[in-house]
Amino acid sequence: MFERKWLVIAGEEAGPKSNKMGGIWNVVDAEATTLAALMSSGAIKDEILPGIIVAGPYYGHAGTDWHKSLNRVTDMTGFEPYDGDDEVTEAIAAMGSKGMEIISGVRHYKGIPIVYLMFKTSDFSRITSEYKGNAMRLCDKVKTEAFSFIGLDSLKYESMGNGQEYTHYLNLSYAISEFVLELVTIKAKRSKDFTDKAISEFAASLMPSMHVYLHCHEFGVFYALARLEKLGISVNSVATYHATIPGRASGHKSLQKILDNDGSWDPKVPENMARLEALSSYADVVTAVGDSTRKEVKLFYGIDSIVVRNGIDDNGMGISLEKKKNCREKIQAFLSDTIQKVYGGVPIPSKRILPIFSISRIEIENKGYPDLLDSLMLLDRMVNLQIVAGQQDEDIRVVCFIIAAHGPKSNVPEGFPLNLPDDILLGEELRLQRMIKERKLEPAQLITGRRRVTAVLYPQWISGHDGGLNMNADELMSGCIAGIFPSRYEPFLLTGLEAGKEATPSIVSKVCGFSDALASIKRLVMGMGGVIVVDNIDLPYNETITDYALAMDYFLDTYVDDKVKYSLLCQEANLLAKEMNWLGPVKEYYELLTGVCIVQEEEEK
């Protein structure tokens, strides 16, 4: 009997590059490429290797994204057209006959094809379909069927403030599950083309049996798992939590909820999204990216899960001292020139400006921004005392970029982000900027002489054309002396690993999901290493922010006074990132999905 296997990696952020990247997009992309690399190397000892499919939404042009502030646009340029004469093409055609459009493409990674299927769901309200003999719009069929299968009350959920988002997830999950249905049932449908039973059976014997493995990232596609189960379609499935909705709503309070075994939901939890998230129970295996997330899944949904950590793409993981030098000099020159242009006064020598950064979602309390700002005030006092005592040059200045935004901004003013008028800020961006000013940490204070340390809000998706530094994320991280991530709620913290990939030391809170991994890292520097963990769980607040300030001071002093030791700190941060690559997690996912174990020696190869 012939067999054909397909491994489908699905997610709301799955797909090709768009104007919104990072987070789960990186996770899905890394899983697909790492899996392809393992196949190419011969590490996977499976008789029949599965084809790799990445499945996600299609946003053909500006305005089609349900999230209007993100306004994502799917970029399929650079992809080869997928024109394989196989069951995937047949399933795509079958979807088209039902009015559902799939935009397809293929890229090759280390010689292995990765098929991208982007599902266009924005026109479901214009497609005529049928359910139980009644003609209706496809969007209505999706909701009616979901209520029939599992009691999803879409009439209630779509009327909520985030109803458009809920409807999008439901439609996307429907489309993905319908494609899998077509793929799995192709053999049965082909054999029905023959009226003669003997010929039909003979034809069926010549067709491959189809096996599909479905890995769903995050709640936006969890309904696909439930629908396939209700339709009786056999697939091997894994559902992965990168956080939980009740946990994110509770934020830093979720730790106390776990300790108290309090599974009640915060009033801010959107019921419709949480209802979709609970559908992970229909997966064969549920995974979580960290132990705290695993505990949240059990606490809020009563679902058992196992931990499969996140990782980082280890391509280009080598340390480029030249890149770090060039990027740092670019940042320093930009700050020196822009501060002088915006605020006037005596120019600050570019070499005496020490840049550090923090980057995360615009969730002020969850990401610990109040802690960061308070620790910067302490750092300012420490730097000032060092200058008075003659331990630092008088013109030393520390600039901390706080990169957090609701969405991309166009037509930012000249001098951005040092020139940051309130009228370009939205919601929490405005609140965060006011918190900076309340503490007298805005960059203007460098000119007045009140501060030696300042916080610069950078409310933009950083890129080579963002209107500010005009640097990509890797360049900014590479050019900064250190990163600081003081989160009070953080399921994993990929950005900490991204900093390590660029050989930039960092400070992370104990809450962060990967902090436990630091215990096993090989230390190159005695005492404080290239990644410092600050206890923000058990220590009093004043001690926590003091430790953040001391850790920042340590990295800055080492950079200024001992370049050899600072280089070792950079190497150590890079070593952690290397050890946290994607090989381990992808091996675990593949075994969970297929039952095939990739042995250690083959993985190392």
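The analysis underlying the following values was restricted to heavy atoms, covering all of them including side chains, and did not include hydrogens, waters or symmetry mates. Residue numbers count from 1 along this sequence. Just so it is clear, the structure is predicted and the values come from calculations on it, not from any experiment.
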How long is the gap from [atom1] on [X] to [atom2] on [Y], to the nearest 0.5 Å?
X	Y	atom1	atom2	result
Tyr590	Asp46	OH	CG	4.0 Å
Arg72	Asp65	CZ	CG	4.0 Å
Ser292	Leu299	OG	CG	12.0 Å
Leu170	Lys143	CG	NZ	8.5 Å
Ser129	Ile127	OG	CD1	8.5 Å
Thr240	Glu31	OG1	CD	7.5 Å

Between the main-chain N or O of [Y] and the side-chain N or O of [X], is there a donor-acceptor pair closer than 3.5 Å?
X	Y	answer
Trp66	Glu165	no
Thr74	Gly60	no
Thr167	Gln164	no
Asp86	Thr89	yes
Asn574	Gly500	yes
Asn536	Ser487	yes
Asn366	Arg248	yes
Thr34	Val586	no
Ser154	Thr144	no

**Message:** Checking Leu279 against Tyr223 for the side-chain contact (heavy atoms from CB on, under 4.5 Å) test, could you report, in this order, the C-alpha distance in whole Å, the side-chain angles of both residues, the deciding distance, and whether it holds?
**Reply:** CA-CA 6 Å; Leu279 299 179; Tyr223 174 61; 3.9 Å; yes
Closest non-hydrogen atom pair, [X] against [Y]:
X	Y	value
Glu498	Asn26	OE2-ND2, 4.2 Å
Ala55	Val8	CB-CG1, 4.0 Å
Met39	Pro50	CE-O, 3.3 Å
Trp25	Pro16	NE1-O, 3.1 Å
Ser254	Gly247	CB-O, 4.0 Å

**Item:** ring pair (Phe, Tyr, Trp, His ring centres under 6.0 Å) partners for Phe219, two or more places apart
**Value:** Tyr169
**Message:** Run Phe119 and Met95 through side-chain contact (heavy atoms from CB on, under 4.5 Å) and show every step you take.
**Reply:** CA-CA 10 Å; Phe119 295 83; Met95 292 286 285; 4.2 Å; yes
**Asked** Does a side-chain N-to-carboxylate-O contact under 4.0 Å join Glu182 and Lys98?
**Response** yes
**Prompt:** Between Asp266 and Lys257, does at least one N-O distance fall below 4.0 Å, as a salt bridge requires?
**Reply:** no
**Asked** In terms of the angle between their ring planes, are Tyr301 and Trp265 parallel, tilted or perpendicular, with boundaries placed at 30° and 60°?
**Response** perpendicular
**Item:** Donor-acceptor side-chain pairing of Tyr58 and Thr64 below 3.5 angstrom
**Value:** no
**Asked** Side chains of Glu13 and His217: do they bring a donor and an acceptor to under 3.5 Å?
**Response** no
**Asked** Which residues satisfy the side-chain hydrogen bond (donor to acceptor under 3.5 Å, both in side chains) test with Arg107, sequence neighbours excluded?
**Response** Asp29, Tyr116
**Message:** I'd like to know whether Glu145 forms a salt bridge (Lys or Arg N to Asp or Glu O under 4.0 Å) with Arg227, so could you lay out the CA-CA distance, the side-chain angles of the two residues, the decisive distance to 0.1 Å, and finally the verdict.
**Reply:** CA-CA 9 Å; Glu145 184 188 68; Arg227 183 170 184 266; 2.5 Å; yes
**Request:** Tell me, with the steps shown, if Val238 and Thr287 meet side-chain contact (heavy atoms from CB on, under 4.5 Å).
**Result:** CA-CA 7 Å; Val238 169; Thr287 69; 3.9 Å; yes
**Message:** Please determine whether side-chain contact (heavy atoms from CB on, under 4.5 Å) holds for the pair Met273 and Tyr157, giving the CA-CA distance in whole Å, both sets of side-chain angles, and the decisive distance to 0.1 Å.
**Reply:** CA-CA 9 Å; Met273 301 302 162; Tyr157 294 154; over 6 Å; no
